[in-house]
Amino acid sequence: MSVAFPLRPATPGACLTCLRGAVIAERAMKLWRRCLTIVPVLAGLASAMLLSCGGGSSSGTTALGIPTTLFAVFVCQGAPPTATQTPTPTKGTTKTPTPTPTPQCSPMATSTAICVPNSGSGFCQNVPTSLQFNAQGGFTTRNPKEPHAYRDITSSASTAWNPFSSNANFPGQLQYVGNGVLVAFQPGCTCFNVSDAGITSQTILIGVNQDPATCTIACPQVPTPTPPPATRATPNGVQADHGADATP
């Protein structure tokens, strides 16, 4: 920046004052230019931090407790559980009940009896002609505090209900009619299981028109599933083992 000085001689004090003013003005302009450069950069960094932390949008964020990988299928007798409603505030506007994790279904089904409708058998006087079961999936999660979660998969699109075909060892015959309900149409011992994503449940023995305790051949079983250890994300992104109890 150039500064014009008077043509006529000035006193030394006056010239010194002019020089100081010129230096101050030049420094002020440099500081202003520096602010013009730094402020947009800081604003961009702040926006990036908000987006990475989920402040800009909730899409793309994943709750750590959400089930991620199916590791087992369980079958229990009875109707599927009623879906849990979203918790609503009960005390003031900020108090919300903590949702209770779904427990593993219990007791798991092993054997039971059913009868063909209108069979006229004396055994069938007090035996149902249809059976209600529910299937539950065991999932791992990304939350070390709740490493395993359980969800009803009775009517999921990927769930298959598998009554055994009639054969010499298991002459009885069942038919799956939906929502975990099985009906019988041929007497004898038989079995069924449930599968999802290539994972099979325990196999349940069914006595059609007879007590399953009188069946002479047991249903073939798959190995009992063992919940895998939970994993948690470390700062460098590597998954670390975190052993925990199977019940959330």
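The figures here come from the full heavy-atom set of this structure, side chains too, leaving out hydrogens, waters and symmetry mates.
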Is there a path of hydrophobic side-chain contacts, each under 4.5 Å between heavy atoms, that joins [X] and [Y]?
| X | Y | result |
| --- | --- | --- |
| Leu182 | Val127 | no |
| Val181 | Val75 | no |
| Tyr150 | Met108 | yes |
| Ile204 | Leu131 | yes |

State the [atom1]-[atom2] distance between [X] and [Y], to the nearest 0.5 angstrom.
| X | Y | atom1 | atom2 | result |
| --- | --- | --- | --- | --- |
| Thr159 | Ile199 | OG1 | CD1 | 11.0 Å |
| Ile114 | Thr129 | CD1 | OG1 | 7.0 Å |
| Cys191 | Asn162 | SG | CG | 12.0 Å |
| Phe185 | Ser166 | CZ | OG | 8.5 Å |

Is the shortest heavy-atom distance from the side chain of [X] to the side chain of [Y] under 4.5 Å?
| X | Y | result |
| --- | --- | --- |
| Val73 | Ile153 | yes |
| Leu174 | Ile206 | yes |
| Thr200 | Val194 | no |
| Asn193 | Gln202 | no |
| Ser130 | Pro128 | no |
| Phe74 | Cys105 | yes |

Which word best sums up how the rings of Tyr176 and Trp161 line up, parallel for under 30°, tilted for 30 to 60°, or perpendicular for over 60°?
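The arrangement is parallel - the two ring planes meet at less than 30°.
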Between Thr190 and Gln173, does a side-chain hydrogen bond (donor to acceptor under 3.5 Å, both in side chains) hold up when you go through it step by step?
CA-CA 6 Å; Thr190 188; Gln173 190 66 60; 5.9 Å; no
For side-chain hydrogen bond (donor to acceptor under 3.5 Å, both in side chains), just list the numbers for Thr154 and Asp152, CA-CA rounded to whole Å, side-chain angles, deciding distance to a tenth of an Å, and then say yes or no.
CA-CA 6 Å; Thr154 301; Asp152 179 69; 2.7 Å; yes
Mind running side-chain contact (heavy atoms from CB on, under 4.5 Å) on Gln104 and Gln136 for me, showing each step along the way?
CA-CA 8 Å; Gln104 183 178 342; Gln136 187 184 66; 3.9 Å; yes
Sequence neighbours excluded, every pair satisfying ring pair (Phe, Tyr, Trp, His ring centres under 6.0 Å) that has a member inside residues 121-146
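Listed once each, the pairs are Phe133-Phe192.
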Closest approach of [X] to [Y] (non-hydrogen atoms, all atoms of both residues):
| X | Y | result |
| --- | --- | --- |
| Cys76 | Ser106 | SG-N, 3.6 Å |
| Asn179 | Pro80 | OD1-CG, 3.7 Å |
| Arg142 | Pro144 | O-CD, 3.4 Å |
| Ala149 | Arg151 | CB-NH1, 3.7 Å |

Inspect the surroundings of CG in Asn126 and state if more than 12 heavy atoms from other residues, nucleotides or ligands are less than 6.0 Å away.
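Counting neighbours around CG of Asn126, 12 or fewer heavy atoms of other residues, nucleotides or ligands fall under 6.0 Å, so no.
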For Thr140, does its backbone N or O pair with a side-chain atom of Thr68 as donor and acceptor, under 3.5 Å?
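Looks like yes, one N/O pair under 3.5 Å.
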With a cut-off of 3.5 Å and sequence neighbours excluded, list every side-chain donor-acceptor pair involving residues 207-221.
{"unit_1": "Asn209", "atom_1": "OD1", "unit_2": "Val116", "atom_2": "N", "d": "2.9"}
{"unit_1": "Gln210", "atom_1": "NE2", "unit_2": "Thr214", "atom_2": "OG1", "d": "3.0"}
{"unit_1": "Asp211", "atom_1": "OD1", "unit_2": "Ala213", "atom_2": "N", "d": "2.9"}
{"unit_1": "Thr214", "atom_1": "OG1", "unit_2": "Asp211", "atom_2": "O", "d": "2.6"}
{"unit_1": "Gln221", "atom_1": "OE1", "unit_2": "Thr203", "atom_2": "N", "d": "3.0"}
{"unit_1": "Gln221", "atom_1": "NE2", "unit_2": "Thr203", "atom_2": "O", "d": "2.8"}

Do Ser158 and Asp196 have side-chain atoms, one donor and one acceptor, less than 3.5 Å apart?
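Yes, because at least one side-chain N or O of Ser158 sits under 3.5 Å from a partner of the opposite role on Asp196.
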